[in-house]
Amino acid sequence: MSENRDKKLEDILRLIELCKSVASSSANPFEVNIREKLQILKKRLPDWKFLDELLLDSEALHQLVQIVKLQEQWLKHRASSLYIDPMLLELKLRLLSKEELADSLVRSWHPITQLDQLAPRGLERAFTYWRDLAPISERFREEFSKLGTVPGEIDYDELVGMRIFSKEQFDSKLQEIYQELAEKSSEAGVDYRIFVNGKDFEGTVIRAYLIAFLVTEGRATLRIDPLTEKITLFPLAEPATGETSSVAIEVGKA
Amino acid sequence: MTMENERANLERRMRKALQVLLLQRGRNPGVKGWELRRYLGRDYKKITEVLSGELKTFGLEVFVVPGLEPTEESARFMLRFRDSPTLTEFETAGHRIDDLAVLAASIAFINAKQGRASRKEIEHFLREKFPKWRVDYSLDRYIKRGYIDQDDEALLRIGWRTRAEIDEKSLITLILARGNEVSPP
């Protein structure tokens, strides 16, 4: 008896899972046979006695409603003038170069025009915010006092201590990456994002660290284009002098 | 009301309409139909149409994005470029070709999948042409700007900004027409 009940519950759970998987992907919602599923729910309904079972039944019904909603959207899209054979479109997208894709987009683009302005009310709010803002040292104490150690820096000696580098290895690796940079860069420098890429994520992080060291030592310099956000790296024959500034560059997993 | 008075009244209301459309209120650009009715009166739709015609000289137009309900009151009215800027102009404005290509492919891909596709699916598709960091960066950027919508289940849909700024039909037609151009003999 109990086994039979478990089987029925399993059917409902499977139905919920099916609906969820269709809703969370681009699968065709018409793959769910609504009439058949509703009949299953109708047939099982008299068997449910406990609240949990009834809740599960209503959840299944809710998921079916979501599928019907998706079916409506799907039909609307298909009936619209935007419908095109998905396979053909995907194939075209695969064949086009990025320049052709970008050009197609800009030809269809009509940017919105709008004025950004600071109204007196906004200015007043900004003033109140600034007036009531506690000094940064106090804010940090409040925010981080319960969290233990705040994020800090890791220096070369610590890396040696952690056995990530030995002193000899570090110097030779630094020299190696400097040579590579000198060879690969032209007058226009070299794209930082391309140059930093290692064999894997770990390799990329190590290269990023070594480049940061070269820049800090003044053997290389970075230039960031504020419009395109392109970062260019240049090797320097002689250590740079003059004003320096820090810049944070995110290194993502490739 | 004389002809002259009528003309002056229309011009005054058009100026008001332009002000309302230009000034940013809230996070998203544009003004809802009911708001325009409050500022311009019942025939606000007609005023925006006349204004759109006048703005043609400056390469602008009043564009209407339908709202969730099928009424003019819930539609969003906004000012936009009548003609598209060139690729170089977009680049000068800080858009990289790679980013633009990612957006073009994402919009077309979502349309090919009947208006929704999982982020994973799109990322996998885009990684055939772009490195992972570029795909992540560009998708996040355009999601943040409202060109693509992402829900809690990482399903991507066309965002409100795409509906407002990009002629999707033209984009898809251009993509399909690429490579089919007949070169002159």
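Lettering follows sequence order; numbering is per chain, from 1.
The ring-ring contact (aromatic ring centres under 6.0 Å, His included) search around Phe90(B) returns Trp109(A), His95(B), not counting sequence neighbours. Not counting sequence neighbours, the partners of Arg12(B) by the side chain to side chain donor-acceptor pair (under 3.5 Å) test are Asn9(B).
Counting non-hydrogen atoms of other residues, nucleotides and ligands closer than 6.0 Å to CZ of Phe30(A) gives a total above 12. Heavy atoms of other residues, nucleotides or ligands lying less than 6.0 angstrom from CD of Glu49(B) number more than 12. In the displayed structure, Glu128(B) atom CD is contacted under 6.0 Å by more than 12 heavy atoms of other residues, nucleotides or ligands. Taking a 6.0 Å sphere around CZ of Arg131(A), one finds it holds more than 12 heavy atoms contributed by other residues, nucleotides or ligands.
Interface check for chain B: of the options Ser97(A), Pro111(A), Ala23(A), the most heavy-atom pairs under 4.5 Å are formed by Pro111(A). Per-residue counts of heavy-atom pairs under 4.5 Å with chain A were compared for Ala154(B), Gly30(B), Pro85(B); the largest is that of Pro85(B).
Separating the CD1 atom in Ile172(B) from the CG atom in Leu93(A) is a distance of 9.0 Å, to the nearest 0.5 Å. The line from NZ of Lys169(B) to OG of Ser108(A) is 12.5 Å long, rounded to the nearest 0.5 Å. Asn197(A) CG to Trp133(B) CH2: the interatomic distance, rounded to the nearest 0.5 Å, is 8.5 Å. How far OG1 of Thr86(B) is from CZ of Arg107(A): 11.0 Å, rounded to the nearest 0.5 Å. Taken to the nearest 0.5 Å, the CG atom of Leu101(A) stands 11.0 Å off from the CG atom of Leu174(B). In this structure, CZ on Arg157(B) lies 6.0 Å from CD on Gln73(A), to the nearest 0.5 angstrom.
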Problem - Step-by-step side chain to side chain contact (heavy atoms under 4.5 Å, CB included) determination, Arg80(B) to Gln114(A) - result: CA-CA 8 Å; Arg80(B) 67 173 207 179; Gln114(A) 197 157 43; over 6 Å; no
Exercise for the section: Determine, step by step, whether Leu105(A) and Ile166(B) satisfy the side chain to side chain contact (heavy atoms under 4.5 Å, CB included) criterion, reporting the C-alpha distance in whole Å, the side-chain angles of both residues, the deciding distance to 0.1 Å, and the verdict. Expected result: CA-CA 8 Å; Leu105(A) 181 72; Ile166(B) 295 164; 3.8 Å; yes
Exercise for the section: Determine, step by step, whether Leu171(B) and Ser104(A) satisfy the side chain to side chain contact (heavy atoms under 4.5 Å, CB included) criterion, reporting the C-alpha distance in whole Å, the side-chain angles of both residues, the deciding distance to 0.1 Å, and the verdict. Expected result: CA-CA 6 Å; Leu171(B) 171 66; Ser104(A) 304; 4.0 Å; yes
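Of all heavy-atom pairs spanning Lys92(A) and Ile175(B), the tightest one is CD-O, 3.6 Å. Ile112(A) and Met78(B) make their closest contact through CD1-SD, 3.4 Å (heavy atoms, listed as atom of the first residue, atom of the second, distance).
Using a distance-only test at 3.5 Å, with no hydrogens or angles considered, a donor-acceptor pair links the side chain of Lys129(B) to the main chain of Arg94(A). No donor-acceptor pair under 3.5 Å is formed between the side chain of His110(A) and the backbone N or O of Glu165(B).
Within the structure, salt bridge (charged side-chain N to carboxylate O under 4.0 Å, His left out) contacts touching residues 12-27 of chain A (residues at least two apart or in different chains) are Glu10(A)-Arg14(A), Asp11(A)-Arg14(A).
Side chains of Gln114(B) and Asn28(A) form no contact here, defined as non-hydrogen atoms less than 4.5 Å apart.
In this structure, no portion of Arg134(B) lies under 4.5 Å from any heavy atom of chain A. Using a 4.5 Å cut-off between heavy atoms, Leu156(B) does not touch chain A at all. For Arg116(B), the parts lying near chain A are the backbone and the side chain together; criterion is any non-hydrogen pair under 4.5 Å. For a residue to count as touching a neighbouring chain, one of its non-hydrogen atoms must lie under 4.5 Å from one of that chain's; by this rule Phe63(B) does not touch chain A. Using a 4.5 Å cut-off between heavy atoms, Leu95(A) touches chain B through its backbone atoms (N, CA, C, O) alone. Leu60(B) touches chain A through its side chain: at least one heavy atom from C-beta onward sits under 4.5 Å away, while N, CA, C and O do not.
Contacts between residues 98-106 of chain B and chain A, counted as heavy-atom pairs separated by less than 4.5 Å, involve Asp98(B), Leu100(B), Ala101(B), Leu103(B), Ala104(B), Ala105(B).
Using a 4.0 Å cut-off between charged nitrogen and carboxylate oxygen, Arg178(B) and Asp103(A) count as a salt-bridge pair.
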